[in-house]
There are 2 protein chains.
Amino acid sequence: MHCYVFGMALEHAILVALAERAGSGYELARRFDKSIGFFYGASHQQIYRTLKRMDGDGWISCETVPQQGRPDKKVYSVGADGRVELRRWLAEPSSPTVLRDELSLKIRGASHGDLSVLLEDVRNHRTEHQLRLQLYRQLEAREFPDPGTLSGMALHQYLVQRGGIVLEEGLIAWYDEILTALHNDVKGLTA
Amino acid sequence: MHCYVFGMALEHAILVALAERAGSGYELARRFDKSIGFFYGASHQQIYRTLKRMDGDGWISCETVPQQGRPDKKVYSVGADGRVELRRWLAEPSSPTVLRDELSLKIRGASHGDLSVLLEDVRNHRTEHQLRLQLYRQLEAREFPDPGTLSGMALHQYLVQRGGIVLEEGLIAWYDEILTALHNDVKGLTA
DNA sequence: GTCTGCATGTAACTGGTTACATGATTAT
DNA sequence: ATAATCATGTAACCAGTTACATGCAGAC
């Protein structure tokens, strides 16, 4: 009767982010809106709370930085214990990918509701993911103009970016398939 | 100051499942291990708890069915109020796709740990998703041999299945990209 | 004067995970 | 004997969401 203890991974996401570059809670929240956050979302409240706990555990340390014209900020950086924990966590088998997609559930239950409203929903999701894909491709072109030459950290960041692109492309192809199939289906029913 | 209230979607997943076919908590847990569950995971404890609440809310009703040689089971089915709620929920804009992938986080932080251990982890994930993809393709071939002729519920189920296939293919392509790139990187460093 | 950005948090709630608990039947 | 499948749950805990709360600076 074995049992893996997964979870509490936001701490590790923050550890990775702070190991790349020290930063404040606010700034981490911005970073989690982009890059890292696309694979691991987190709200600012969650981030502040977790930073406090990690500071208490001695994984990170905090320095208050006064600024002119702006509120003070607390800049956190990874300490020795945090680096040990990061290493430990990296060596651990990672938990399976979790996908939670309400839209696919609605597609599955589509016959119990209004199909045209649902199609509008699919179109909206498609638009959103199309925008995100464009953003990813822009970032890719700007930050990694010559992928063949990358190594180390830059290569790792590039590979994660690639994952985002591949997934978004897949989603969009899927939305198109849904729209085509259900559009034909609606026409077939009303004709 | 608008605010969408998302969440509590397991109830709706169960509503969709029970609208397809009435069933017990145990049986729903089995179904959530397959098909629906790939896009919306849920443990049996969660399912039992939620079924109880939904019964209390009058969305579903329960009938105890005695069996020979097996424990009694409680078979739930969707009632009138549940069907109303299902309709209401279907018309609502659906929450964005949530992806939580620890592995991509580890790739990003790879330089702070042992790369070969991480590559093993990527290989394991690849194997798991390859198996799942094979399963999906088997199901597709068995249940939907002639996709062009589908309509209604069968078409909707097929489309969700297609989403699974597209996503798994994307993930596997990504894992291969990672393995190729990091394998070269490791060789470059040790050479 | 109003909105956006910077910057930090608390409190209440909801949803999800883990561990524990029981007990019969069937197959190896 | 031992494990797997069928079948149901409770309790404690942990993680994530939503709402509320404050306050300054600079742009329009």
Side-chain angles (χ1 to χ4, degrees), chain A residues 1-14 22-34 37 39-57 62-76 95-96 98-100 102 105, chain B residues 1-15 22-34 37 39-57 62-76 95-100 102 105:
Chain A
M1 186 191 278
H2 68 105
C3 55
Y4 274 78
V5 180
F6 291 129
M8 67 181 82
L10 178 56
E11 315 189 333
H12 298 115
I14 290 176
S24 68
Y26 183 86
E27 203 228 308
L28 280 173
R30 294 302 111 239
R31 280 199 245 168
F32 272 79
D33 283 343
K34 294 198 282 280
F39 305 88
Y40 215 97
S43 62
H44 74 106
Q45 296 93 329
Q46 227 180 314
I47 288 170
Y48 283 124
R49 195 213 279 158
T50 307
L51 282 170
K52 189 174 265 186
R53 187 173 63 237
M54 291 168 76
D55 194 9
D57 291 346
C62 168
E63 203 189 343
T64 303
V65 176
Q67 300 181 112
Q68 63 265 52
R70 288 181 192 179
D72 293 1
K73 62 178 177 181
K74 296 182 180 173
V75 175
Y76 292 92
S95 46
V98 174
L99 178 68
R100 183 144 291 203
E102 213 183 19
L105 212 57
Chain B
M1 186 193 275
H2 69 105
C3 54
Y4 274 76
V5 180
F6 292 130
M8 66 180 80
L10 177 57
E11 314 189 334
H12 298 115
I14 290 176
L15 235 31
S24 67
Y26 183 85
E27 203 228 308
L28 281 174
R30 295 301 111 238
R31 280 199 246 168
F32 272 80
D33 284 343
K34 296 198 281 280
F39 305 87
Y40 214 97
S43 62
H44 74 104
Q45 296 93 329
Q46 228 181 314
I47 289 171
Y48 284 123
R49 196 213 276 161
T50 307
L51 281 170
K52 189 174 264 187
R53 187 173 63 238
M54 290 168 76
D55 194 9
D57 292 345
C62 168
E63 203 189 344
T64 303
V65 176
Q67 300 181 110
Q68 64 265 51
R70 288 182 192 180
D72 294 359
K73 63 177 176 180
K74 296 182 181 173
V75 175
Y76 292 92
S95 46
T97 307
V98 174
L99 179 69
R100 183 145 292 204
E102 212 182 18
L105 212 58

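- For B:Leu105 against A:Ala9, the heavy-atom pair with the smallest separation is CD2-O, 4.3 Å.
- Rounded to whole Å, atom C1' of D:dA15 lies 14 Å from atom CD of B:Glu102.
- For the side-chain contact (heavy atoms from CB on, under 4.5 Å) with A:Tyr48, the qualifying choice from A:His44, A:Gln45, A:Gln46 is A:His44, the only one to do so.
- Candidate nucleotides D:dG9, D:dA7, C:dT10 were compared by shortest atom distance to the side chain of B:Gln67, and D:dA7 ranks first.
- Partners of A:Lys74 under the side chain to side chain contact (heavy atoms under 4.5 Å, CB included) rule, at least two apart in sequence or in another chain, are A:Cys62, A:Thr64, A:Tyr76.
- A:Lys73 places its NZ atom 17 Å from the P atom of C:dG5, with the value rounded to the nearest Å.
- No side-chain heavy atom of B:Asp55 sits less than 4.5 Å from a side-chain heavy atom of B:Lys52.
- With axes fitted over five pairs at each extremity, the angle between the ends of the helix from C:dG1-D:dC28 to C:dT28-D:dA1 is 30° (10° resolution).
- Heavy atoms only, all atoms of each residue included: B:Ile47 and B:Ala29 are closest at CD1-CA, 3.5 Å.
- Applying the side chain to side chain contact (heavy atoms under 4.5 Å, CB included) criterion to A:Arg30, with sequence neighbours excluded, gives A:Tyr26, A:Asp33.
- One can place CG of A:Asp57 at 12 Å from P of D:dC14, the figure rounded to the nearest angstrom.
- For A:Phe39, there are no ring-ring contact (aromatic ring centres under 6.0 Å, His included) partners two or more places apart in sequence or in a different chain.
- Heavy-atom distances under 4.0 Å link DNA chain D to B:His44, B:Gln45, B:Tyr48, B:Arg49 of residues 41-50 of chain B, given in residue order.
- Looking at the side chain of B:Lys52, the nearest of the listed nucleotides D:dG16, C:dT10, D:dT10 is D:dT10.
- Nucleotide D:dT17 holds its C1' atom 12 Å from the CZ atom of B:Arg100, rounded to whole Å.
- Between A:Glu11 and A:Arg53, the shortest heavy-atom distance links the atoms OE2-NH2, 2.5 Å.
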- prompt: Given B:Leu15 and B:Met54, is the side chain to side chain contact (heavy atoms under 4.5 Å, CB included) satisfied, shown in steps?
  reply: CA-CA 9 Å; B:Leu15 235 31; B:Met54 290 168 76; 3.5 Å; yes
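- Side-chain N/O atoms of A:Ser24 include none lying less than 4.0 angstrom from OP1 or OP2 on C:dC6.
- Every residue two or more places apart in sequence or in another chain that forms a side chain to side chain contact (heavy atoms under 4.5 Å, CB included) with B:Val98 is listed here: A:Arg100.
- Under the rule for a ring-ring contact (aromatic ring centres under 6.0 Å, His included), B:Phe32 has no partner lying at least two apart in sequence or in another chain.
- Going from atom NZ of A:Lys74 over to atom P of C:dA7 covers 14 Å, rounded to whole Å.
- DNA chain D lies under 4.0 Å from at least one heavy atom of each of the following residues of residues 25-34 of chain B: B:Gly25, B:Tyr26.
- For the pair A:Val75 and A:Ala22, the tightest heavy-atom approach, listed with the atom from each and the gap, is CG1-CB, 4.0 Å.
- Checked against side chain to side chain donor-acceptor pair (under 3.5 Å), A:Thr50 has no partners two or more places apart in sequence or in another chain.
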- request: Encode nucleotides 23-28 of chain C as B, S and - characters from 5' to 3', where the letter depends on protein heavy atoms closer than 4.0 Å: B to the base, S only to sugar-phosphate, - to neither.
  value: B-S---
